[in-house]
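Here's the structure we're looking at; comments come further down.
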Amino acid sequence: MSAENPARSDAPAPTPAPTDFIRDLVAQDVAAQRYPQIVTRFPPEPNGYLHIGHAKSICLNFGLARENQGRCHLRFDDTNPVKEDVEYVEAIAADVRWLVAGWADHCLGYKPKGAHPAAQTVAGKNDFYLASVAPSDAAEPFFASDYFEALYGYAVELIKRGLAYVCDLSPEDTDAYRGSPDKPGRNSPFRDRSVAENLDLFARMRAGEFPNGARSLRAKIDMASPNIWLRDPLLYRIRHVPHHHAGDKWCIYPLYDFAHCLSDYLEGITHSVCTLEFEVHRPLYDWILGSLDLPRPLPHQYEFAKLNLAYTLVSKRKLLALVNGKVVAGWDDPRMPTISGLRRRGIPAPALRDFVTGVGVTKFDSLTEAAVFENCVRNHLNGAAQRRLAVLKPIKLVLTNLAPGETVACTATNNPQDENPTTRPLALTREVYIEADDFAEVPPPKYFRLKPGGEVRLKYACIIKCEELVKDAAGALVEIRCTADLTTRTGQPNADRKVKGTIHWVSATQCVDAEVRLYDRLFTVPEPAAEEDFLKVVNPKSLETVTAKLEASLASAQVGESFQFERLGYFTPDAKDHSAAKPVFNRTITLKDTWAKA
RNA sequence: UGCCCGAUGGUGUAAUGGUAGCACAAACGACUCUGACUCGUUUUGUCUAGGUUCGAGUCCUAGUCGGGCAGCCA
């Protein structure tokens, strides 16, 4: 934010600590002193960028940690190397840190660079544990792939206990044997191999003796279970590919269900919070941990409903399609619901946090109106953003009673929301630009703005009267000629004269040109995800680019600052394309416009 | 047609057997050198049917509707 900004209210109102069924459960565990410290985790797979739905999960997990003096680990659930990339791990880490900055960074758990779980003895039993550290140059996020060796050991232990076996069924046959939701599956013919044979085969899987898909390691549970995830789920598959983090050490990779619960355990996670679709996986989560005779308290899984926001998509797969299809300019296109897109658009992190915690945490599959999000954004920006004058669609207006070169000094308020608002000088000149929308030759009913023979106030300057219109040969309006009543300026005798309309303006001789990108919602329907083809409901007018006239002081705008262009909306310099020589602004959001609605 | 989960105004959520509240949205009004902000007023709700209870949004039973689960994805 600008250094010239005085202290101002960044947050509108202190929101009370949220409550929900998960926080209630955690509170009970705290009261019963079941854990020495509450430890949660945010575990994205690095196969795409984070979006607003992830923001909800981040704020829940970090919120749980900060409200209970606990920690929240950032962990990459990177068990499927074919879909993942370091580009994503870096982007995700940056997004998380941006979102929690100034709010929960003190809870963010990283681990020493390169660290792996260390062997220890607890209650006479062998154990592995990896403690968190604060983020620093010597630290990095957690990676499930750092646990491959430990996970392999746990798999061997399961085999020794007769609870896992190597299966030679092909992927197709495995599928056929699994049955269907209403029909039980059949036991694999390889289900009863001896422990010794399983141990030998599993070691040879790791050694790379078999091709992809030839064998798998499976948990031995119950092929007739009504819960499909208990029908001897796969624990390991063979994949002869290198891993973006683990390198080329492995050709077998654990699956989510096996890796996740144990990763939680290894890090000392107490509450493993995920979305509803994993509800049916919870018995498996508990089965794996319960089958290994682990000495420390076990983590537990809790599920909540993911965020659905009207007119937006929260699906990495579909968002990736928008990027690949060049529908948008990239993952951080300001129209994208990605965290990086929202940031580039100018959404303040506290506003995003307010929104995602405000919608609450339940198990109800809801669709939140876009207005709720917009309200949070405007709330924060209203207090934080300096006011400036800018004209998006300019039309020239000449003040005929001012001499060319004459300047009339005016004073503009930077933010009327401040307790002690600061001001800046503004110069009124003979030629100015006003918004084309602020003049109507044939005004509609209840039109407060400028019209032939009408009067209007130029904000921070004086009242003007429209005397004459100048048109070109084709009849198009090229110039509006007015007279200025300088006695209506602040401090002048007629300063208090009222007119119905006040409009913004920019001096034609003291202004800068800028590219301004006007964003609208990306989709034309409230539920693009419900569409047979979501690409068909992309809003063709989601981006309009104009060349605007900005007041001169905006020439020094910095990336990261937000401004309210008065009567228009909130704008921020584009993080990628803006420069002092060639200013580029993004419109974050418009002001509420009750007139336009009528 | 198997299993799991859910249902409170237009939307999201609170009420943990005891006055159905909050926010957003909407409508109207006040204020206004931003048709913004702010302030005031108003409208709208416990899925259905039974049961337990002095008392049920909350507990029980059945139904209805909605969501999830059959990747060697997460």
Side-chain angles (χ1 to χ4, degrees), chain A residues 15-16 18-21 24 43-45 47 77-80 82-84 167 169-171 174-175 178-185 212-218 225-231 233-239 253 255-257 259-260 274-283 303 305 310 316-317 358-376 378-379 382-383 387 389 413 416-417 446-449 457-463 488 490 495-504 564-569 590-598:
Chain A
T15 39
T19 61
D20 53 66
F21 75 101
D24 290 347
E45 183 188 16
N47 66 344
D77 221 340
D78 56 349
T79 56
N80 186 7
V82 304
K83 285 187 165 183
E84 301 159 5
C167 181
L169 250 25
S170 68
T174 305
D175 199 43
R178 185 157 32 229
S180 57
D182 52 349
K183 265 182 293 183
N212 290 350
R215 295 185 214 263
S216 62
L217 184 75
R218 296 232 249 163
S225 171
N227 182 343
I228 285 186
W229 291 99
L230 260 21
R231 320 242 264 228
L234 269 77
L235 269 20
Y236 271 88
R237 81 286 227 184
I238 299 172
R239 279 259 208 288
Y253 292 97
L255 279 110
Y256 166 84
D257 288 293
H260 202 89
C274 60
T275 47
L276 244 27
E277 65 267 30
F278 292 101
E279 221 166 4
V280 287
H281 294 241
R282 195 192 328 141
E303 311 88 13
K316 272 190 201 169
R317 205 195 94 240
V359 299
V361 179
T362 65
K363 301 181 82 158
F364 177 66
D365 187 31
S366 60
L367 178 65
T368 299
E369 289 177 345
V372 181
F373 175 63
E374 291 165 358
N375 178 259
C376 289
R378 292 192 183 107
N379 262 338
N382 182 40
R387 311 287 117 125
L389 297 186
T413 305
Q417 307 292 323
K446 303 235 283 188
Y447 189 76
F448 297 168
R449 286 107 99 143
R457 180 178 283 278
L458 291 185
K459 178 99 179 169
Y460 303 125
C462 61
I463 292 173
T488 58
T490 303
D496 292 335
R497 226 186 98 199
K498 305 289 182 203
V499 283
K500 198 64 186 161
T502 299
I503 64 173
H504 57 279
Q564 183 194 104
F565 292 177
E566 296 213 42
R567 302 208 309 132
L568 295 172
T590 61
L591 250 29
K592 234 197 251 177
D593 189 352
T594 45
W595 159 248
K597 269 183 206 166

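Sequence lines set the chain letters: A, B, ... in the order given, protein chains first and strands last, and positions in each chain run from 1.
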For A:Leu568, answer base if it contacts any base atom (sugar-phosphate contacts may also be present), sugar-phosphate if it contacts only those atoms, and nothing otherwise; contact means non-hydrogen atoms under 4.0 Å. nothing

Distance, rounded to the nearest Å, where [X] contributes [atom1] and [N] contributes [atom2]:
X: A:Arg178; N: B:C69; atom1: CZ; atom2: P; result: 14 Å
X: A:Glu45; N: B:C73; atom1: CD; atom2: C1'; result: 7 Å
X: A:Asp182; N: B:C4; atom1: CG; atom2: C1'; result: 15 Å
X: A:Lys83; N: B:A74; atom1: NZ; atom2: C1'; result: 7 Å
X: A:Trp229; N: B:C5; atom1: CH2; atom2: C1'; result: 17 Å
X: A:Lys592; N: B:A36; atom1: NZ; atom2: C1'; result: 9 Å
X: A:Arg218; N: B:C72; atom1: CZ; atom2: P; result: 9 Å

Whether [X] contacts [N] is assessed here as follows: a side-chain N or O lying under 4.0 Å from the phosphate OP1 or OP2. Is that the case?
X: A:Thr502; N: B:U32; answer: no
X: A:Arg239; N: B:G71; answer: no
X: A:Lys316; N: B:A74; answer: no
X: A:Ser225; N: B:C3; answer: no
X: A:Thr174; N: B:C72; answer: no
X: A:Arg567; N: B:G35; answer: yes

Stacking between B:G35 and A:Trp595, yes or no? Criterion: centroid separation under 5.5 angstrom, plane angle under 30 degrees. yes

Is there a stack between A:Phe364 and B:G6, judged by ring centres under 5.5 Å and planes under 30°? no

Ignoring hydrogens and angles, are the base of B:C73 and the side chain of A:Thr79 linked by a donor-acceptor pair under 3.5 Å? no

Can you check whether A:Pro233 reaches A:Leu255 side chain to side chain, under 4.5 Å on heavy atoms? no

Less than 4.5 Å apart, any side-chain heavy atom of A:Phe21 and any of A:Lys363? yes

So that I can compare with my own list, what are the stems of RNA chain B, taken as at least three consecutive Watson-Crick or G-U pairs with distances under 3.5 Å? B:2-7 with B:64-69, B:10-13 with B:21-24, B:26-30 with B:38-42, B:47-51 with B:59-63

Report the residue (A:Asp24 or A:Asp78) whose heavy-atom-nearest nucleotide on RNA chain B is the more 5′ of the two. A:Asp24

Would you mind telling me which residue lines up with the more 5' stretch of RNA chain B, A:Lys498 or A:Arg237, judged by nearest nucleotide? A:Lys498

